[in-house]
Protein chains: 2
Amino acid sequence: MKSQSAEESRIAQLCVEHGLKMTGQRRVIARVLSDADDHPDVEELYRRASALDSRISVATVYRTVRLLEEKGILERRDFGGGRARYEATEGGRHHYHLIDVDNGKVIEFEDPEHEELMRRVAERLGFDFVSMRLELFGKKRPQPVKETKAPARARKKKEAGS
Amino acid sequence: MKSQSAEESRIAQLCVEHGLKMTGQRRVIARVLSDADDHPDVEELYRRASALDSRISVATVYRTVRLLEEKGILERRDFGGGRARYEATEGGRHHYHLIDVDNGKVIEFEDPEHEELMRRVAERLGFDFVSMRLELFGKKRPQPVKETKAPARARKKKEAGS
DNA sequence: CTAACTGCAAATATTTTGCTTGCCG
DNA sequence: CGGCAAGCAAAATATTTGCAGTTAG
């Protein structure tokens, strides 16, 4: 969560800068996206947006995320599970995702030197770096008995942590 | 393309090692996968497999790739475009993908130090490295007039190069 | 005023599944 | 043999789209 004030959300501002028409529903979706600090899929976005304003249809959410992705305001992610997930494009620093293969939980991490490395790779291949996507899959290493915490070994099928 | 001989394909061997039953259609799909040096989606796999043996249904291809992915023999990729793509898991060296945002073409590249870097990241976060996925998006940098070759600026919508 | 946007429902696209039959080990 | 696997078609998901009515700029 970020601003939450009555003023225009960060994403709404970007929409304006890109010359998009700011309708009521688009403003709501923009706020939901601006406030999200996870990686919601369309259904989840629809749920959150509906809570703020019930006059919104899923089709609009789909249309909006597609539009914002084309404009480079949003980035689509695929963490497995069939549905596309979205998160706001970050200006400078990129962050990456480590997915726990046992429960699908997503952990974010940064690695400053990484983007620079990728820029060089792209350049070496004759390309200008546009964007990147990095997903690391790992298995939680059994901690060397740190404290008294329940193991909690689950194995849900669908919908894992965002 | 790799072996092409009448003997068991590399992937078929892996199936056996994993205790999977080798049926006729599974053997054909395994051969197609072994021979592929690109990233076919299910429909393309189905097409290639059907060419070798018409008694194969798409459902079987779907079931097979899912099974092989679970066994770690195949890895699923998402290069955008809605369909999942597959490629055989590599033993040691990983390779990555640079996608040309202008035409969807995929260029493979390697970066030996990269996997080591990611292993360390996973470790730092308390995980054992299982696998990773890295997609780099770039725009072809206008070459400094190399030779006489047509520009060929296309902009296809669907189905781009594998 | 009009091009862009929305809702709704129908259309697509992709992947999964139920059920019966077949074949590997 | 016995159970895993395959075919086929229907079902389940996910996403897109046609059309008519709204609305931001």
Side-chain angles (χ1 to χ4, degrees), chain A residues 8 11-30 32 39-47 49-50 52-71 73-74 76-86 157-160, chain B residues 8 11-13 15-32 39-47 49-50 52-71 73-74 76-86 157-160:
Chain A
E8 211 72 314
I11 299 221
Q13 288 176 33
L14 287 170
C15 288
V16 173
E17 286 168 27
H18 282 264
L20 299 178
K21 206 181 264 193
M22 286 315 292
T23 66
Q25 21 296 67
R26 191 166 285 174
R27 210 181 310 274
V28 169
I29 295 171
V32 167
H39 319 86
D41 56 32
V42 169
E43 197 177 305
E44 177 61 23
L45 287 173
Y46 174 56
R47 206 170 0 243
S50 297
L52 298 183
D53 183 338
S54 58
R55 306 166 306 172
I56 288 178
S57 73
V58 240
T60 297
V61 179
Y62 271 107
R63 277 193 271 235
T64 303
V65 292
R66 180 144 61 106
L67 184 64
L68 299 201
E69 194 201 349
E70 281 166 11
K71 294 291 184 184
I73 297 173
L74 284 187
R76 188 190 339 188
R77 306 281 177 218
D78 162 50
F79 297 155
R83 296 118 97 130
R85 289 160 164 241
Y86 293 88
K157 199 76 183 185
K158 282 256 172 172
E159 208 52 55
Chain B
E8 211 72 312
I11 300 225
Q13 288 177 32
C15 289
V16 174
E17 286 169 27
H18 281 266
L20 298 178
K21 199 182 270 191
M22 286 315 293
T23 65
Q25 22 291 72
R26 195 167 281 176
R27 211 182 310 274
V28 169
I29 296 170
R31 150 117 320 126
V32 168
H39 319 87
D41 57 32
V42 169
E43 197 177 304
E44 177 61 23
L45 288 173
Y46 174 55
R47 205 171 1 241
S50 298
L52 299 183
D53 184 339
S54 58
R55 306 166 305 171
I56 288 178
S57 72
V58 241
T60 296
V61 179
Y62 272 107
R63 277 193 270 236
T64 303
V65 292
R66 180 142 63 107
L67 184 65
L68 299 202
E69 193 200 347
E70 282 165 11
K71 295 290 184 185
I73 297 173
L74 282 188
R76 187 189 342 188
R77 306 280 175 218
D78 162 49
F79 296 156
R83 300 118 96 130
R85 289 158 164 242
Y86 294 88
K157 200 75 184 186
K158 282 253 172 177
E159 208 53 54

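Everything numeric here is computed off the predicted structure, so don't read it as measured data.
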Check: Hey, does the side chain of B:R66 come within less than 4.0 Å of C:dT17's phosphate (OP1/OP2), counting only N and O?
Finding: yes

Note to self: What's the closest nucleotide to the side chain of A:R83 if the choices are C:dA3, D:dG2, D:dA14?
What the structure shows: D:dA14

Margin query: Here's a test of your reading of the structure: between B:G82 and B:L20, which maps to the more 5' nucleotide of DNA chain C?
Written below: B:G82

Margin query: If you assign A:E43 and B:R26 each to the DNA chain D nucleotide with the nearest heavy atom, which residue ends up on the more 5' nucleotide?
Written below: B:R26

Check: Taking CD1 from A:I56 and C1' from D:dT22, how many angstroms apart are they, rounded to a whole number?
Finding: 15 Å

Checklist line | Atom CZ of B:R47: over 12 foreign heavy atoms under 6.0 Å | finding: yes

Checklist line | Length of the line joining B:L68:CG and D:dC4:P, which is rounded to integer Å | finding: 17 Å

Next item on the list: Check whether any side-chain nitrogen or oxygen of A:Y62 sits under 4.0 Å from OP1 or OP2 of D:dT15, and answer yes or no.
Entry: yes

Checklist line | Value in whole Å for how far the C1' atom of C:dT6 lies from CZ of A:R55 | finding: 11 Å

Next item on the list: Classify the nucleic acid contact of B:R63 as base, sugar-phosphate or nothing, counting any heavy atom under 4.0 Å across all strands shown.
Entry: base

Next item on the list: Rounded off to whole Å, could you give me the NZ-to-P distance for the B:K21 and D:dC4 pair?
Entry: 7 Å

Checklist line | Rounded distance (nearest 0.5 Å) linking atom CD of B:Q13 with atom CD of B:E8 | finding: 7.0 Å

Next item on the list: Mind calculating the distance between CG (A:D78) and P (C:dT15) to the nearest angstrom?
Entry: 11 Å

Next item on the list: Please check the phosphate of C:dT6 (OP1 and OP2 only) for any side-chain N or O of A:T23 closer than 4.0 Å.
Entry: yes

Note to self: Just the rounded figure in Å: distance from P of D:dT22 to CZ of A:R27.
What the structure shows: 20 Å

Next item on the list: Nearest whole angstrom, please: distance from the P of D:dA14 to the CZ of A:R77.
Entry: 20 Å

Notebook entry, point to check: Taking the side chain of A:S57 as its heavy atoms from C-beta onward, which of D:dT16, D:dG25, C:dC8 lies nearest to it?
Noted result: C:dC8

Next item on the list: Please check if the side chain of A:R85 supplies one atom and the backbone of A:R77 the other of a donor-acceptor pair under 3.5 Å.
Entry: no

Check: So do A:I29 and A:L45 actually touch side chain to side chain, heavy atoms under 4.5 Å?
Finding: no

Margin query: Could you tell me how far apart A:Y46 (OH) and D:dA14 (P) are, to the nearest whole angstrom?
Written below: 15 Å

Note to self: Is the phosphate of D:dG7 approached by B:Q25 (side-chain N or O, under 4.0 Å from OP1 or OP2)?
What the structure shows: yes

Notebook entry, point to check: For A:R26, which of A:L20, A:L68, A:I11 qualifies under side chain to side chain contact (heavy atoms under 4.5 Å, CB included)?
Noted result: A:L20

